[in-house]
Enquirer: 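Take a look at the following structure, please.
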Amino acid sequence: MCGIVGYIGHRDAYPIILKGLQRLEYRGYDSAGIALWDGSEIQLCKTKGKVEELKQKCESSATIKGNIGIGHTRWATHGVPNDVNSHPHYSNSGDLVIIHNGIIENYDPLKQELTKRGYKFKSDTDTEVLVNLIEDVKKNEKVKLGKAVQIALNQTVGAYAIAVFDRKKPNEIVVARLGSPLALGVGEDEFFIASDASPFIEFTKNAIYLEDGQMAVVRNHKDLKIWKIKDDSLVAPYIQELQLNLEQIEKGGYDHFMLKEIYEQPDAISDTYRGRMLVNENLIRMAGIDDNIEKFLNAKRIIIVACGTSWHAGLVAEYIFEDIARIPVEVEYASEFRYRNPIINKDDVVIAISQSGETADTMAAINLAKENGAFVFGVCNVVGSSISRETHAGAYTHAGPEIGVASTKAFTTQITVLTLIALRLAKQKGVLSNSQFNEHLRELEQIPEKVKKALESNEHIEVVASKYKDAKNFLYLGRGFNFPVALEGALKLKEISYIHAEGYPAAEMKHGPIALIDSQMPVVVIATRKGHYDKVVSNIEEIKSREGKIIGIVTEGDVEVRKRADYVIEVPETLESLTPLLTTIPLQLLSYHIAVMLDKNVDQPRNLAKSVTVE
């Protein structure tokens, strides 16, 4: 949530910051703003709406020259989305300007105290409180900006990534983070500041990711200084070479990032198992598992914590782990897990799943698990993210950048990693024979080509979408491994088309949802030949007898469902445990085409953010 961009150096800052904000639009936002130092004053331009609207406003009414600047895309937490609540925010004197991602939880008592001291507030935001607290500390303690920021942050409770600029000392920007990501790009006599590396990828491959509880001063023509907010101790900068490239974060000829990312799934899946799955040697190698194999083998249970699409991937993993590796699994919403006083034992393994590696609820669940002595294993997509650093061990998916807010390739690559882990443990435990193990490896190796085959139904799916795009409600049904896929399909439709949809286990239909079925209700039924096929066909009969409209996701060559359904969409045959990697593809495309036909913002759906770094 929210996007931060900053620049200090020898280039014109405005185009860098504007382009950076456009790169961060995927994070979700409702307003945007830029502050630039023009050599004598801070020029501020901000507006409710999109970055394109900010561009028009800045270029028609504001000075946009300068070599130092900060920019922001805001996702509203305190105060409605409007021009006044947009970032950046000035302090009362006008000397300080700030951008902020996160939430200051104790902003209200701080605001009351500052009000007693004569401070006035124009916005409803917690951020304006923070910048005035910094100003108050700076004035009363008679300290420099960096020290004032440090003292102020030690008085706050919450999460933040901030960048602060002082017009009286226009050669530095102070940054800090706790719970929200912040990356620094290191160039030749210049620095870049951003929520992730995408805004500065074409300028430098050298990046520093601030750790939680760290702050830094970036200055013209001086070395970077990093220190801990709590105790003032200096931290040696650790520069990483970025593997990201510019082509990965551009649309590449597709109309939307979401469509591009749907079509990238064959490569993303093969990239995720490449080097780990050695089919000819009948072997899986994963350092994070191999180095901690006893932790997994001795675990009484595995607890999976995640949110949203990652939670659905965890549900698929529950079926896979229990079926293949015979290990008990519990899947928890991270947001509930952290608050319900869960029972966590020292012989539990907790697997935390997150695309961004920054999800606040999942991070809190990780910390809770670690405090209780559990071994915590992370699965995420972003190298250097908080989850990758805070877990005891982990495995990256190799999906590449996912810009569309509605996750697609993150889901399939997470399932791929989790399948590899389950197979590795199953072989170590001896619950799969060598031939069964090899059959799974060979079938997983073929999944990318089978996903390509499933993508060939795109034009047919577009026809189905045109038929049902005006429906007000959808029901998605699946059994076994494909019940979580039904949940994920419903979520995709809700996220990007704003059509109400619910996912259910097919057998639960008779326990309530069947009351909703009539001639206006499209019902998407996942009915592959593997897994309770006859039972699902019976469910279809029940829908048909109530005039429901049936869209069947079926195995190639299916006959029985085709006789009964209004439309069928075929996927190739595979092992039952791997079917989610194929059945999810038509559901992603169906949601995409319906949203496009309804003229929705597919890549940036309303109210949603890609990286949910606040509760």
Side-chain angles (χ1 to χ4, degrees), residues 1-9 11 13-29 32 34 50-52 54-55 69-75 99 101 161 163 175 177 180-187 190-210 218 239-252 254 256-258 260-261 264 268 271 354-359 380-388 396-410 413 602-604 608-613:
M1 292 180 180
C2 302
I4 283 176
V5 182
Y7 176 77
I8 183 168
R11 304 176 198 264
Y14 172 75
I16 294 171
I17 294 171
L18 186 75
K19 184 66 174 178
L21 294 179
Q22 290 171 333
R23 296 255 176 86
L24 294 178
E25 285 187 292
Y26 75 89
R27 296 179 72 85
Y29 71 106
I34 290 177
K50 296 298 183 183
V51 173
E52 183 59 34
L54 175 69
K55 178 177 184 288
I70 53 178
H72 190 264
T73 51
R74 175 181 185 249
W75 192 87
I99 52 178
N101 178 10
V175 298
R177 74 153 287 187
S180 294
L182 203 60
L184 305 177
V186 182
E190 61 184 349
F191 289 99
F192 304 83
I193 301 160
S195 295
D196 63 43
S198 61
F200 55 77
I201 187 62
E202 66 260 55
F203 300 105
T204 180
K205 287 283 190 180
N206 296 321
I208 297 170
Y209 293 92
L210 287 190
V218 291
I239 298 177
Q240 299 184 35
E241 184 176 350
L242 297 172
Q243 303 303 312
L244 189 68
N245 61 63
L246 191 58
E247 291 74 20
Q248 289 179 297
I249 55 175
E250 300 293 349
K251 288 182 184 175
Y254 288 89
H256 299 92
F257 281 111
M258 183 180 178
K260 173 177 178 273
E261 288 156 9
E264 285 176 342
D271 286 346
S354 166
Q355 188 282 139
S356 67
E358 302 291 348
T359 309
C380 67
N381 188 41
V382 180
V383 176
S385 59
S386 296
I387 286 176
S388 70
Y396 287 114
T397 58
H398 292 289
E402 189 179 65
I403 307 301
V405 168
S407 281
T408 51
K409 60 180 180 173
T413 54
V602 173
D603 288 333
Q604 298 162 37
L608 295 180
K610 185 69 178 173
S611 181
V612 184
T613 57

Enquirer: Looking only at heavy atoms, what is the nearest atom pair of Glu402 and Ser407, with distance?
Expert: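 Taking every non-hydrogen atom into account, OE1-OG, 2.8 Å.
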
Enquirer: Of all the heavy-atom pairs spanning Gln604 and Val405, show the shortest one and how long it is.
Expert: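 Closest heavy-atom pair between Gln604 and Val405: CA-CG2, 4.3 Å.
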
Enquirer: Answer yes or no on whether Lys19 is positioned over the face of Tyr14, meaning its NZ or CZ is under 6.0 Å from the six-membered ring centre and within 45° of the axis.
Expert: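 That pair does not qualify as a cation-pi contact.
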
Enquirer: Distance from Ile17 atom CD1 to Phe200 atom CZ, nearest 0.5 Å?
Expert: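 Between Ile17 CD1 and Phe200 CZ, I get 13.5 Å after rounding to 0.5 Å.
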
Enquirer: Is the shortest heavy-atom distance from the side chain of Leu18 to the side chain of Val51 under 4.5 Å?
Expert: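 Side chain of Leu18 against side chain of Val51, heavy atoms only: contact under 4.5 Å found.
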
Enquirer: Roughly how far apart are Ile239 CD1 and Leu184 CG, rounded to 0.5 Å?
Expert: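 Going from CD1 on Ile239 over to CG on Leu184, the span is 10.0 Å.
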
Enquirer: So, Asn101 side chain and Ala161 main chain: donor-acceptor pair closer than 3.5 Å or not?
Expert: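 Absent.
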
Enquirer: Ignoring hydrogens, what is the shortest heavy-atom contact between Met258 and Asp603? Give both atom names and the distance.
Expert: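 The answer is N-OD1, 2.9 Å.
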
Enquirer: Any heavy-atom pair between the side chains of Gln240 and Ile208 that's under 4.5 Å?
Expert: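 Counting from C-beta outward, Ile208 and Gln240 never come under 4.5 Å.
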
Enquirer: Hey, is the main chain of Ala32 close enough, under 3.5 Å, to the side chain of Arg74 for a donor-acceptor pair?
Expert: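 Not at all, since once roles are kept as given, no pair shorter than 3.5 Å links the two residues.
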
Enquirer: Between Ser386 and Glu358, is there a side-chain donor-acceptor contact under 3.5 Å, judged purely by atom types and distance?
Expert: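 Yes, because at least one side-chain N or O of Glu358 sits under 3.5 Å from a partner of the opposite role on Ser386.
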
Enquirer: May I ask you to check whether Phe191 and Tyr7 place their ring centers less than 6.0 Å from one another?
Expert: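 Distance test on ring centres: not under 6.0 Å, no.
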
Enquirer: If the condition is salt bridge (charged side-chain N to carboxylate O under 4.0 Å, His left out), which residues does Lys55 pass it with, not counting sequence neighbours?
Expert: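 Lys55: salt bridge (charged side-chain N to carboxylate O under 4.0 Å, His left out) contacts with Glu59.
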
Enquirer: Heavy atoms, side chains only, cut-off 4.5 Å: are Ile16 and Arg11 in contact?
Expert: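 Ile16 reaches Arg11 side chain to side chain.
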
Enquirer: Ignoring hydrogens, what is the shortest heavy-atom contact between Ile387 and Ser354? Give both atom names and the distance.
Expert: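 Taking every non-hydrogen atom into account, CD1-CB, 3.5 Å.
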
Enquirer: State, with a plain yes or no, whether a side-chain heavy atom of Cys380 is found less than 4.5 Å away from one of Tyr396.
Expert: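 A side-chain contact under 4.5 Å exists here.
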
Enquirer: Is it true that the side chains of Arg177 and Ser195 contain a donor and an acceptor less than 3.5 Å apart?
Expert: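 There is no such pair (donor and acceptor under 3.5 Å, judged by atom type) between the side chains of Arg177 and Ser195.
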
Enquirer: Nearest 0.5 angstrom please: Ile8 CD1 to Glu190 CD, how far?
Expert: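 Going from CD1 on Ile8 over to CD on Glu190, the span is 11.0 Å.
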
Enquirer: Can you confirm whether Ile4 sits close enough to Leu182 that some side-chain heavy atom of one is under 4.5 Å from a side-chain heavy atom of the other?
Expert: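 Side chain of Ile4 against side chain of Leu182, heavy atoms only: contact under 4.5 Å found.
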
Enquirer: Quick one: does Asp196's side chain get under 4.5 Å of Leu24's, heavy atoms only?
Expert: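 SC-SC contact between Asp196 and Leu24 confirmed.
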
Enquirer: Test your reading of the model: is there a side-chain donor-acceptor pair from Glu264 to the backbone of Lys409, 3.5 Å cut-off?
Expert: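 Not a single qualifying donor-acceptor pair exists.
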
Enquirer: Is a donor on one side and an acceptor on the other found under 3.5 Å between the side chain of Thr204 and the backbone of Val186?
Expert: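 A pair under 3.5 Å: yes.
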
Enquirer: Minimum heavy-atom separation for Ala410 to Gln355, with atom names?
Expert: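 Heavy atoms only, the tightest pair is CB-CG, 3.5 Å.
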
Enquirer: Got a sec, which residues hit salt bridge (charged side-chain N to carboxylate O under 4.0 Å, His left out) with Asp271, two or more places apart in sequence or on another chain?
Expert: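 Residues passing salt bridge (charged side-chain N to carboxylate O under 4.0 Å, His left out) with Asp271: Arg274.
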
Enquirer: So, for His72 and Leu21, which heavy atoms are closest and what is the spacing to 0.1 Å?
Expert: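 The answer is N-CD2, 3.4 Å.
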
Enquirer: OG of Ser198 to CG of Leu242: how many Å apart, nearest 0.5 Å?
Expert: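 One gets 10.0 Å once the value is rounded to the nearest 0.5 Å.
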
Enquirer: Checking Glu25 against Thr73: is there a side-chain donor and acceptor pair closer than 3.5 Å?
Expert: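 No, no side-chain donor-acceptor pair sits under 3.5 Å.
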
Enquirer: Measuring only between side-chain heavy atoms, which start at C-beta, is Tyr29 closer than 4.5 Å to Lys50?
Expert: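 SC-SC contact between Tyr29 and Lys50 confirmed.
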
